[in-house]
Amino acid sequence: MKENSSFQKIYEVVRRIPAGTVATYGQIAALAGNRHWARVVGYALHANPDPEHIPCYRVVNRNGQVSSAFAFGGKNRQIELLEADGVPCPDGIVDLKKYQWKQFPLSYFQEQEV
DNA sequence: GGGGTGACGCGTC
DNA sequence: CGACGCGCCACCC
C-alpha cells in the first residue's frame with residue numbers, strides 16, 4: 001500500500017503542513033528521509049493524485065517562490081490559496097523566514113502515531 | 001530493458 | 001557576490 005514508493009511518504013509530509021504555513025521541497029524531502037529527494041518531491045507533487053488532501057500550493061521552492069508549473073489551474077490559483085491561509089505571497093514570493101513550516105518536532109516520524 | 005527528463009537543493013568555481 | 005554542475009529518485013517513451 002504505502003511501500004509502493006517514497007511518494008507516499010512525501011504526500012504524508014505535505015498533508016501535515018499546517019494552514020498559514022509553507023514548506024520547501026528540500027524540507028519535505030528531508031522529512032521524507034532524504035534531502036536529495038527534492039526532485040522526487042517535485043515529481044510527487046506534479047503527480048498530485050489527491051490535490052484536495054495534498055496542499056501542494058503550500059509547497060514552494062528554496063527561494064520561497066511558488067512553482068511556475070502549478071497544476072491547479074494556474075500559479076495565480078496557488079497564490080489565492082496561500083493568501084486564503086494567511087500567507088501573503090506578493091509576486092508569488094513567500095516570506096520563508098516568517099511563514100516557513102519549521103514548528104515540526106525533530107522526531108517527526110518517531111512521534112508519528114496516526 | 002534502457003535512456004532521458006523533471007514542479008529542486010547544495011557545493012564549488 | 002554570481003553562475004554552473006552535480007546528485008538523488010521516480011515516471012514516461
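This is a predicted model, so every value here is computed, not measured. Sequence lines set the chain letters: A, B, ... in the order given, protein chains first and strands last, and positions in each chain run from 1.
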Heavy atoms only: give me the nearest [X]-[Y] pair and the separation to one decimal.
| X | Y | value |
| --- | --- | --- |
| A:T21 | A:V87 | N-CG2, 3.8 Å |
| A:L96 | A:N61 | CD1-O, 4.1 Å |
| A:R62 | A:Q100 | NH1-NE2, 4.4 Å |
| A:Y11 | A:L45 | CE2-N, 4.5 Å |

Could you please name the option among [options] that lies closest to any side-chain atom of [X]?
| X | options | value |
| --- | --- | --- |
| A:F7 | B:dA7, C:dC9, C:dC11 | C:dC11 |
| A:A38 | C:dC9, C:dC11, B:dG9 | B:dG9 |
| A:S67 | B:dG9, B:dG6, B:dA7 | B:dA7 |
| A:C56 | C:dA10, B:dA7, B:dC10 | B:dA7 |

Nearest-Å distance, [atom1] ([X]) to [atom2] ([N])?
| X | N | atom1 | atom2 | value |
| --- | --- | --- | --- | --- |
| A:N63 | B:dA7 | CG | P | 16 Å |
| A:L31 | C:dC8 | CG | P | 21 Å |
| A:Q27 | B:dC10 | CD | C1' | 15 Å |
| A:W37 | C:dC11 | CH2 | P | 12 Å |
| A:Q65 | B:dC8 | CD | P | 11 Å |
| A:I28 | B:dC8 | CD1 | C1' | 11 Å |
| A:Y25 | C:dA10 | OH | P | 18 Å |
| A:R35 | C:dG7 | CZ | P | 13 Å |

**Request:** Give a yes/no on whether any side-chain N or O of A:R62 is located under 4.0 angstrom from OP1 or OP2 of B:dC10.
**Result:**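 Affirmative; the distance criterion is met.
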**Phosphate OP1/OP2 of B:dC8: any A:T24 side-chain N/O under 4.0 Å** =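 Looking at the OP1 and OP2 atoms of B:dC8, neither is under 4.0 Å from any side-chain N or O of A:T24.
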**Request:** Under a 3.5 Å limit for both distances, which nucleotide forms a Watson-Crick or G-U wobble pair with B:dA7, could you say?
**Result:**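 Base-paired to nothing in any strand shown.
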**Asked** Less than 3.5 Å between a donor and an acceptor, one on the side chain of A:R39 and one on the base of B:dG9, is that the case here?
**Response**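 Side chain to base: no pair below 3.5 Å.
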**Prompt:** Base, sugar-phosphate, or nothing: which does A:N61 touch, judged by heavy atoms less than 4.0 Å apart?
**Reply:**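 Contact class for A:N61: sugar-phosphate only.
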**Request:** Please identify each residue that fulfils side chain to side chain donor-acceptor pair (under 3.5 Å) with A:Y25, with sequence neighbours left out.
**Result:**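 Expected list: A:S67.
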